[in-house]
Amino acid sequence: MTATRADLHIDRPTVADGAALWRIAKDSNALDLNSSYSYLLWCRDFAGTSAVVRDERGEPVGFVTGYVPPDRPGTLLVWQVAVDAAQRGRGLAARLLDGLTERVAAEHDGLTAIETTITPGNTASERLFTSYAERHGATVERTVLFEAGDFPDGPHDPEVLYRIGPLSL
């Protein structure tokens with residue numbers, strides 16, 4: 001558990017948090033919403049590479065989900081980051097990302113980079129990850145990972161891969 005303020009703390013998610021993560025993602029109006037089942041599985045199977053920020057009642061008010069790809073053990077892929085609307089503007093997303101990468105670096109030998117995908121025009125995510133790179137003295141490489149036409153379920157913007165590294169944690 002990592003302290004953020006007296007009334008908020010960063011922790012690992014548990015299965016009991018899955019519904020709250022789904023709601024926060026749904027209410028974000030920015031993230032691709034996955035099934036509620038996927039958030040439950042994420043909290044069970046990837047709790048070690050994910051984080052939640054809890055309010056004074058212990059309820060999740062933000063999260064970051066990620067995993068370490070088996071073929072790239074030095075990389076943390078950040079899947080989603082979201083903060084409840086009532087908690088935005090307090091720097092929680094940056095603190096979640098910093099806290100998670102510090103924990104993953106301590107628990108997974110040799111963390112050298114993080115990756116995420118961002119759709120063009122998602123200014124908040126672009127700022128979050130470029131400021132993360134600046135705080136950690138890393139560079140950002142951007143390449144299109146998935147073209148719009150790669151998505152089989154209708155119109156979707158391309159997903160741009162941001163690779164940030166090498167990290168100095």
Side-chain angles (χ1 to χ4, degrees), residues 1-4 8-55 57-85 87-88 92-119 122 124-125 128-129 132-133 136 138 143 145-146 150-153 156-167 169:
M1 181 167 62
T2 304
T4 59
L8 299 172
H9 67 273
I10 296 174
D11 200 0
R12 290 176 191 254
T14 67
V15 170
D17 297 324
L21 272 60
W22 179 85
R23 180 196 54 78
I24 293 167
K26 179 178 177 272
D27 292 348
S28 75
N29 295 319
L31 296 177
D32 286 341
L33 183 63
N34 297 283
S35 71
S36 57
Y37 178 71
S38 68
Y39 291 93
L40 293 168
L41 279 176
W42 206 275
C43 290
R44 184 191 79 159
D45 294 343
F46 297 104
T49 52
S50 299
V52 294
V53 61
R54 299 183 188 282
D55 66 13
R57 297 179 321 267
E59 296 297 317
V61 295
F63 70 88
V64 58
T65 53
Y67 65 92
V68 175
D71 62 340
R72 293 187 318 282
T75 300
L76 172 66
L77 186 126
V78 175
W79 179 48
Q80 290 187 320
V81 179
V83 174
D84 187 82
Q87 301 291 335
R88 291 185 192 144
L92 293 180
R95 285 185 268 176
L96 274 164
L97 193 54
D98 286 346
L100 176 61
T101 55
E102 287 171 19
R103 175 166 40 92
V104 171
E107 295 175 0
H108 294 255
D109 190 33
L111 184 66
T112 60
I114 67 167
E115 293 181 341
T116 195
T117 61
I118 303 173
T119 55
N122 185 340
S125 288
L128 174 64
F129 285 95
Y132 175 89
H136 295 280
T143 57
L145 181 63
F146 300 118
D150 292 337
F151 293 90
D153 58 348
H156 195 289
D157 290 330
E159 291 284 346
V160 178
L161 177 69
Y162 280 55
R163 182 166 174 80
I164 300 169
L167 298 176
L169 299 172

* List the steps, then state whether side-chain contact (heavy atoms from CB on, under 4.5 Å) holds for Thr116 with Leu77. => CA-CA 6 Å; Thr116 195; Leu77 186 126; over 6 Å; no
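- Glu159 is linked by a salt bridge (Lys or Arg N to Asp or Glu O under 4.0 Å) to nothing, counting only residues two or more places apart in sequence or in another chain.
- Gln80 contributes a side-chain N or O that, together with a main-chain N or O of Asp32, makes up a donor-acceptor pair within less than 3.5 Å.
- Side chain of Thr75 to main chain of Ile114: no donor-acceptor pair is present (N/O by atom type, distance under 3.5 Å, no hydrogens or angles).
- Although no hydrogens or angles enter the test, the distance criterion places a donor-acceptor pair under 3.5 Å between the side chain of Trp22 and the main chain of Asn34.
- In this structure, Arg12 contributes its side chain and Phe46 its backbone to no donor-acceptor pair below 3.5 Å.
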* Chi angles and distances behind the side-chain contact (heavy atoms from CB on, under 4.5 Å) call for Val52, Leu21 -> CA-CA 9 Å; Val52 294; Leu21 272 60; 3.7 Å; yes
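- For the residue pair Thr14 and Cys43, the shortest heavy atom distance occurs at O-CB, 3.2 Å.
- Here the side chains of Val160 and Thr117 are not in contact, with every heavy-atom distance at 4.5 Å or above.
- Every residue two or more places apart in sequence or in another chain was checked for a side-chain hydrogen bond (donor to acceptor under 3.5 Å, both in side chains) with Asp157, and none qualifies.
- Side-chain contact between Tyr39 and Leu33 is present, with at least one heavy-atom pair separated by less than 4.5 Å.
- For Asp27, the salt bridge (Lys or Arg N to Asp or Glu O under 4.0 Å) test picks out Arg23, with sequence neighbours left out.
- Separation of atoms CD1 (Ile24) and CD (Glu59) is listed at 9.5 Å; rounding is to 0.5 Å.
- Pro60 and Asp17 make their closest contact through CG-OD1, 3.4 Å (heavy atoms, listed as atom of the first residue, atom of the second, distance).
- Judged purely by atom type and a 3.5 angstrom limit, Arg88 has no side-chain atom pairing as donor or acceptor with the backbone of Ala93.
- Applying the side-chain hydrogen bond (donor to acceptor under 3.5 Å, both in side chains) rule to Ser125 yields the partners Asn122; only residues at least two apart in sequence or on another chain are considered.
- With a 4.5 Å cut-off on side-chain heavy atoms, Trp42 and Ser50 count as touching.
- Of all non-hydrogen atoms in Gly18 and Leu40, the two that sit nearest each other are CA-CD2, 3.9 Å.
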* Run the numbers on Phe63 and Leu100 for side-chain contact (heavy atoms from CB on, under 4.5 Å), then give the verdict. => CA-CA 10 Å; Phe63 70 88; Leu100 176 61; over 6 Å; no
* Please assess Thr112 against Leu167 for the test side-chain contact (heavy atoms from CB on, under 4.5 Å), listing each intermediate value before the final yes or no. => CA-CA 5 Å; Thr112 60; Leu167 298 176; 5.8 Å; no
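- Here the closest non-hydrogen pair linking Leu8 and Val53 is CB-CG2, 4.1 Å.
- A donor-acceptor distance shorter than 3.5 angstrom exists from the side chain of Thr101 to the backbone of Asp98, with no hydrogens or angles considered.
- Rounded to the nearest 0.5 angstrom, Asp55 CG and His9 NE2 are separated by 9.0 Å.
- Sorted by first and then second residue, the side chain to side chain donor-acceptor pair (under 3.5 Å) pairs with a member in residues 62-71 form an empty list; sequence neighbours excluded.
- Contact between Arg103 and Thr49 at its shortest, heavy atoms only, is NH1-N, 4.2 Å.
- Listed by chain and number, the residues in a salt bridge (Lys or Arg N to Asp or Glu O under 4.0 Å) with Asp150 amount to none (sequence neighbours excluded).
- Closest heavy-atom contact between Pro13 and Ala47: O-CB, 3.4 Å.
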